[in-house]
Colleague: 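Attaching a single structure in structure tokens format; questions to follow.
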There are 2 protein chains.
Amino acid sequence: MRDERPPRRSDGAQTHAAILAAAMRLASIEGLGSLTVGRLARELGVSKSGVFAHFRSKQRIQQETIEAAGEVFEREVLRPGLTRAEGIARLHGLCEAYLSYIERGVFPGGCFFAQLLAEYDAQPGPVHDQVCADQRSWLSLLEGEVRTAQQHGELDPDADPAQLAFELSAPVELANYLSVLYQDPRFVERGRTAVRAVIANAASRRRR
Amino acid sequence: MRDERPPRRSDGAQTHAAILAAAMRLASIEGLGSLTVGRLARELGVSKSGVFAHFRSKQRIQQETIEAAGEVFEREVLRPGLTRAEGIARLHGLCEAYLSYIERGVFPGGCFFAQLLAEYDAQPGPVHDQVCADQRSWLSLLEGEVRTAQQHGELDPDADPAQLAFELSAPVELANYLSVLYQDPRFVERGRTAVRAVIANAASRRRR
DNA sequence: TTTAATTTTGCACGGTCGTGCTATCTTGTC
DNA sequence: GACAAGATAGCACGACCGTGCAAAATTAAA
């Protein structure tokens, strides 16, 4: 699958990384679709060709930007969120990791993938398909953890795991949009409160 | 405030409306920012000047498109949602009206204002400010209805109304994004279930 | 039917877009 | 230090962008 020969020279690799960093920043604010070769070049004080030569099409810039953002998400959300013990603790851990990643402003325009979801939910193409896959894997992660928590007797065994995953995703995503819109971290706190409420509610209905 | 002289001729008014209809459709799918005079002209089989002359700048196209979408939202969500009696019933009514508006595909790209929220949450300017105001008025509407329900003894009087408004908005917004992304109305149903859960939970803690 | 006002078109402008091609650096290897 | 290869710059292209302006087509009132 991987058909790319890696850039050989160190300065090249450095520029390549700098371009992707700027691309992630810009895309989180203005959207992946309004990424522009000229804009990136200006942002980095470099010629348009200096940017373009590293990728050989705009498509590739977009693809690699998404991949790079995926690595950031893995490092900043998934890895820390998965450290706690499986079950309820890990559900809290994952949601908290996401909310903290919003709160810390890892991307200046809020969660890169939330931006992508809203931008490409109705636009068919490769980006749409990638968003589908990413979103499914996030929901599945939560869903699996709900199932585990049920098996451990921590949550109502009659609850629908997919429904619970949805109800946990909803407040953290809205916290993302609103905290960015109003530049107000209190919406992250609302997200935390909502997550606690959802989990506590499902926990209170378990068989004891 | 209104400085515009209305178009005098009937064909002009009709074209004006047709342009706004196409603009709402397109913007809900691809975003307000990627609206383009040429694109609209092509979509309507009309010359670029024929579109441009009706507004006298791109800014005005965007402004009027937002206003037109506001009227649609009022007609399709607020008016039907506000018919039920105030309190819990109206909270259900508003959320259901929103979910139904998603389900019916009033805009082909999902809720126009959810799209706008995600697109402009991090981009300062007049659109950002408009989104702030619209979002606040939606949340305030729900919050006021929660307060009324509390006064009627239908909801836990110790609950934070703003928090509850947030917890109701979250699932309906996520239902919007996911049902569009996967073209699957089951996510609207997930939204309905979540709304019922939030209200039922707050109702079960009321003093009886 | 003439006439005046209002749509609508055609055309031009400077600017940016994505993308090639060629030439000039710059770096790492012998 | 020479040299091959990679990195960056410069320039050109056709396409589309937003916006003006004058000409043509259409409508409504006289």
Side-chain angles (χ1 to χ4, degrees), chain A residues 2-24 26-27 29-66 68 119-120 123 125-127, chain B residues 2-24 26-27 29-66 68 119-120 123 125-127:
Chain A
R2 291 250 161 258
D3 190 17
E4 33 189 344
R5 35 69 230 260
R8 299 273 168 71
R9 256 165 58 181
S10 60
D11 55 348
Q14 194 171 331
T15 304
H16 188 95
I19 295 172
L20 288 180
M24 289 188 283
L26 273 177
I29 295 177
E30 303 179 4
L32 191 67
S34 51
L35 265 192
T36 261
V37 181
R39 190 105 164 61
L40 283 170
R42 229 174 296 126
E43 202 83 10
L44 295 165
V46 132
S47 77
K48 237 172 40 150
S49 314
V51 169
F52 188 78
H54 281 276
F55 314 84
R56 284 181 310 282
S57 72
K58 188 183 180 174
Q59 268 229 9
R60 266 185 95 86
I61 298 184
Q62 295 185 330
Q63 279 175 210
E64 295 198 27
T65 303
I66 296 177
E119 189 175 0
Y120 286 94
Q123 295 194 74
V127 179
Chain B
R2 292 248 161 257
D3 190 18
E4 32 190 343
R5 35 89 229 253
R8 299 272 169 73
R9 257 165 57 180
S10 60
D11 55 348
Q14 195 171 330
T15 304
H16 188 95
I19 295 172
L20 288 180
M24 289 188 283
L26 273 177
I29 295 177
E30 304 179 4
L32 192 66
S34 50
L35 265 193
T36 260
V37 181
R39 191 106 164 61
L40 284 170
R42 229 174 296 126
E43 202 82 12
L44 295 165
V46 132
S47 77
K48 235 170 44 148
S49 314
V51 169
F52 188 78
H54 280 276
F55 313 83
R56 285 181 310 282
S57 72
K58 187 181 180 173
Q59 268 228 8
R60 264 185 99 84
I61 299 185
Q62 294 185 331
Q63 279 173 212
E64 294 198 26
T65 303
I66 296 177
E119 189 175 0
Y120 286 93
Q123 295 194 74
V127 179

Colleague: For the atom pair CG (B:Leu44) and OG1 (B:Thr15), what is the distance rounded to the nearest 0.5 Å?
Modeller: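 Spacing of CG (B:Leu44) from OG1 (B:Thr15) equals 8.5 Å.
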
Colleague: Sequence neighbours left out, what passes side-chain contact (heavy atoms from CB on, under 4.5 Å) with B:Thr36? Give chain and number order.
Modeller: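 Counting only residues at least two positions away or on another chain, B:Thr36 forms a side-chain contact (heavy atoms from CB on, under 4.5 Å) with B:Arg39.
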
Colleague: Over its full length, what angle do the end axes of the helix from C:dT1-D:dA30 to C:dC30-D:dG1 make, each axis taken from five pairs and the result rounded to 10 degrees?
Modeller: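 The angle, to the nearest 10 degrees, is 10°.
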
Colleague: Restricting to non-hydrogen atoms, name the atom on A:Ser34 and the atom on A:Glu30 that form the minimum distance, rounded to 0.1 Å.
Modeller: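 What the structure gives for the nearest pair is OG-O, 2.6 Å.
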
Colleague: If I take atom CZ in residue B:Arg56 and atom P in nucleotide C:dT7, what distance separates them, rounded to the nearest angstrom?
Modeller: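 The distance from CZ of B:Arg56 to P of C:dT7 comes to 12 Å, rounded to the nearest Å.
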
Colleague: Between D:dA9, D:dG18, C:dT7, which one does the side chain of B:Phe52 approach most closely?
Modeller: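 Among D:dA9, D:dG18, C:dT7, the one nearest the side chain of B:Phe52 is D:dG18.
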
Colleague: Using whole Å, what does the distance between atom P of nucleotide C:dG20 and atom CD of A:Gln59 come to?
Modeller: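 My rounded result for the distance is 13 Å.
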
Colleague: Any chance you could measure B:Ile66, atom CD1, to B:Tyr120, atom OH, to the nearest 0.5 Å?
Modeller: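 Spacing of CD1 (B:Ile66) from OH (B:Tyr120) equals 7.5 Å.
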
Colleague: Figure out the NE2/P separation between A:His16 and D:dG6, and round it to whole Å.
Modeller: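 In whole Å, D:dG6 P lies 15 Å from A:His16 NE2.
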
Colleague: Test of understanding: with ring pair (Phe, Tyr, Trp, His ring centres under 6.0 Å), list the residues that count as partners of B:Phe52, not counting sequence neighbours.
Modeller: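 Partners of B:Phe52 under the ring pair (Phe, Tyr, Trp, His ring centres under 6.0 Å) test: none.
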
Colleague: Taking all non-hydrogen atoms of both residues into account, name the closest pair between A:Thr65 and A:Ala23 and its distance.
Modeller: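 Heavy-atom minimum between the residues: OG1-CB, 3.5 Å.
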
Colleague: As an exercise, state the distance from CD1 of A:Ile61 to CG of A:Leu32, rounded to the nearest 0.5 Å.
Modeller: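 That separation rounds to 10.0 Å.
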
Colleague: With sequence neighbours left out, write down each residue that passes side-chain contact (heavy atoms from CB on, under 4.5 Å) with A:Ser57, or none if nothing qualifies.
Modeller: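 So A:Ser57 forms a side-chain contact (heavy atoms from CB on, under 4.5 Å) with A:Gln59, A:Arg60.
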
Colleague: When you measure from the side chain of B:Glu119 to the backbone of B:Gly33, do you find a donor-acceptor pair of N or O atoms at a distance under 3.5 Å?
Modeller: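 Answer holds: yes.
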
Colleague: Could you pull out the protein-nucleic contacts involving nucleotides 22-26 of chain C (nitrogen or oxygen on both sides, under 3.5 Å)?
Modeller:
| unit_1 | atom_1 | unit_2 | atom_2 | d |
| --- | --- | --- | --- | --- |
| C:dT26 | O2 | A:Arg9 | NH1 | 2.7 |
| C:dT26 | O2 | A:Arg9 | NH2 | 3.3 |

Colleague: Report, one pair per line, the protein and nucleotides 10-17 of chain D atoms (nitrogen or oxygen only) whose separation is under 3.5 Å.
Modeller:
| unit_1 | atom_1 | unit_2 | atom_2 | d |
| --- | --- | --- | --- | --- |
| D:dG10 | N7 | A:Ser49 | OG | 3.1 |
| D:dG10 | O6 | A:Ser49 | OG | 2.6 |

Colleague: Using a 4.0 Å heavy-atom cut-off, does A:Val51 contact any base of the nucleic acid, only the sugar-phosphate backbone, or nothing at all?
Modeller: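 Contact class for A:Val51: none.
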
Colleague: Taking only the side-chain nitrogens and oxygens of B:His54, find out if one of them lies under 4.0 Å from OP1 or OP2 of C:dT6.
Modeller: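 B:His54 to C:dT6 OP1/OP2: no side-chain N or O under 4.0 Å.
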
Colleague: Starting at atom CZ of A:Phe55, determine the distance to atom P of D:dG6, rounded to an integer number of angstrom.
Modeller: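 Interatomic distance, CZ of A:Phe55 to P of D:dG6: 17 Å.
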
Colleague: Check the distance between C:dT27's C1' and A:Gln14's CD and give it to me in whole angstrom.
Modeller: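 Checked: the CD to C1' distance equals 13 Å.
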
Colleague: Can you tell me how far CG of A:Leu35 sits from CD1 of A:Ile19, rounded to the nearest 0.5 angstrom?
Modeller: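 A:Ile19 CD1 to A:Leu35 CG: 11.5 Å, rounded to 0.5 Å.
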
Colleague: Just the rounded figure in Å: distance from C1' of D:dA7 to CG of A:Leu44.
Modeller: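 Rounded to whole Å, this separation is 15 Å.
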
Colleague: Do B:Glu64 and B:His54 meet the criterion of a side-chain donor-acceptor pair at a distance under 3.5 Å?
Modeller: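 Judged by distance alone, the side chains do not pair up.
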
Colleague: Would you tell me if any nitrogen or oxygen in the side chain of B:Ser10 comes within less than 4.0 Å of OP1 or OP2 on D:dT27?
Modeller: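 No, because none of the side-chain N or O atoms of B:Ser10 sits under 4.0 Å from OP1 or OP2 of D:dT27.
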
